[in-house]
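The structure appears below as structure tokens.
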Amino acid sequence: QVQLVESGGGLVQAGGSLRLSCASSGRTERMYAMGWLRQAPGKEREFVAVVRTGSGSTNYANSVKGRFTISRDNAKNTVSLQMNSLKSEDTAVYYCYAASTMLTVLKGDYWGQGTQVTVSA
């Protein structure tokens, strides 16, 4: 089992920045990747970014590429999402996730409770 706890959400003006963090515990050494999903009101949950534990390679949704950066600290079992140039359409609940295999690398097998990010116009 893996436990994930997000922090760092809040209210920010458009064009501003926020940094989300996710602390993980449990059998995190077995995880293939960790990443972030988000869900806006009335919309389905969508992939945002992922970092692979072994290689450190990353992938991003097209909508955030060039603005968001995901990073992982293996020693501290944390994963962060630096969000710059925020837009109102980035408003959503952001969920940290852990994927046990490449089959679930873009959606995860374990999820945190989520943290709200609100971007005001």
Side-chain angles (χ1 to χ4, degrees):
Q1 285 283 16
V2 173
Q3 294 78 43
L4 304 167
V5 178
E6 303 96 337
S7 61
L11 173 65
V12 64
Q13 288 188 331
S17 299
L18 275 177
R19 185 177 182 87
L20 305 182
S21 294
C22 175
S24 63
S25 59
R27 312 201 70 158
T28 57
E29 71 281 359
R30 293 173 177 252
M31 292 298 107
Y32 173 75
M34 294 187 68
W36 294 88
L37 307 172
R38 68 185 182 186
Q39 187 166 19
K43 295 188 176 181
E44 293 186 354
R45 195 172 293 190
E46 64 176 4
F47 166 77
V48 176
V50 66
V51 57
R52 291 165 182 77
T53 302
S55 67
S57 64
T58 58
N59 290 101
Y60 296 90
N62 287 335
S63 58
V64 307
K65 202 172 292 184
R67 300 187 298 121
F68 290 11
T69 302
I70 189 171
S71 59
R72 177 180 167 100
D73 186 329
N74 289 334
K76 295 183 178 179
N77 289 328
T78 60
V79 61
S80 299
L81 185 69
Q82 177 66 41
M83 305 185 295
N84 299 328
S85 302
L86 283 161
K87 306 175 182 179
S88 57
E89 50 262 45
D90 294 318
T91 295
V93 177
Y94 283 71
Y95 298 90
C96 175
Y97 74 86
S100 58
T101 74
M102 65 174 67
L103 295 178
T104 55
V105 68
L106 298 183
K107 58 182 181 180
D109 298 290
Y110 303 93
W111 303 270
Q113 293 299 307
T115 185
Q116 176 71 46
V117 171
T118 302
V119 183
S120 63

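- A heavy-atom distance below 4.5 Å is found between the side chains of Gln116 and Thr91.
- Note: Asp73 CG to Thr78 OG1 = 4.5 Å, rounded to the nearest 0.5 Å.
- Rounding to the nearest 0.5 Å gives a distance of 13.0 Å between CZ of Arg72 and CZ of Arg52.
- Leu20 and Leu37 fall into different hydrophobic clusters, where Ile, Leu, Val, Met, Phe, Trp and Tyr residues are linked whenever their side-chain heavy atoms come under 4.5 Å apart, directly or through other members.
- Listed for the Ser24 side chain is no donor-acceptor partner under 3.5 Å among the backbone atoms of Leu4.
- Following chains of ILVMFWY side-chain contacts shorter than 4.5 Å, one cannot reach Tyr95 starting from Met34, and the two form parts of different hydrophobic clusters.
- Around the CD atom of Gln113, the shell of radius 6.0 Å holds no more than 12 heavy atoms that belong to other residues, nucleotides or ligands.
- Checked by atom type and distance alone, the side chain of Gln39 never pairs as donor or acceptor with a backbone atom of Ala92 at under 3.5 Å.
- Test Ser7, Ser21, Cys96, Cys22 against Ser80 for side-chain contact (heavy atoms from CB on, under 4.5 Å) and you get one pass: Ser21.
- For Ala14 against Ala121, the heavy-atom pair with the smallest separation is CB-CA, 4.3 Å.
- Partner of Ile70 under the side-chain contact (heavy atoms from CB on, under 4.5 Å) criterion, out of Val51, Val48, Val64: Val51 alone.
- Taking hydrophobic clusters as Ile, Leu, Val, Met, Phe, Trp and Tyr residues chained together by side-chain heavy-atom distances below 4.5 Å, Val93 does not share a cluster with Val119.
- A side-chain contact (heavy atoms from CB on, under 4.5 Å) with Leu18 holds for exactly one of Leu86, Leu81, Thr115; it is Leu86.
- A heavy-atom distance below 4.5 Å is not found between the side chains of Met83 and Val12.
- With Glu6 contributing its side chain and Gly114 its backbone, the two residues share a donor-acceptor pair below 3.5 Å.
- Within the model, atoms CG of Asn77 and CD of Gln3 stand 11.5 Å from one another, a figure rounded to the nearest 0.5 Å.
- With Asp109 as reference, Thr104 is the one residue of Leu103, Val2, Thr104 to meet the side-chain contact (heavy atoms from CB on, under 4.5 Å) rule.
- From Tyr97, atom OH reaches atom CZ of Arg45 across 12.0 Å, with rounding to the nearest 0.5 Å.
- Residue Ser17 comes nearest to Asn84 through the heavy atom pair OG-OD1, 2.9 Å, listed as atom of the first residue, atom of the second, then distance.
- Leu106 is not connected to Val79 by any chain of hydrophobic side-chain contacts under 4.5 Å among Ile, Leu, Val, Met, Phe, Trp and Tyr, and they are in different clusters.
- Rounding to the nearest 0.5 angstrom, the gap separating the OG1 atom in Thr58 from the CZ atom in Phe68 is 14.0 Å.
- Taking hydrophobic clusters as Ile, Leu, Val, Met, Phe, Trp and Tyr residues chained together by side-chain heavy-atom distances below 4.5 Å, Phe47 does not share a cluster with Met31.
- Looking only at side-chain heavy atoms (C-beta outward), Arg67 and Asp90 come within less than 4.5 Å of each other.
- Minimum interatomic distance between Val105 and Tyr32 (heavy atoms only, all atoms of both residues): CG2-CE2, 3.8 Å.
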- Decide side-chain contact (heavy atoms from CB on, under 4.5 Å) for Gln1 and Arg27; before the verdict, give the C-alpha distance in whole Å, the side-chain angles of both, and the deciding distance to 0.1 Å. CA-CA 6 Å; Gln1 285 283 16; Arg27 312 201 70 158; 5.9 Å; no
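- Taking OG from Ser71 and CZ from Arg19, the interatomic distance works out to 4.5 Å, rounded to the nearest 0.5 Å.
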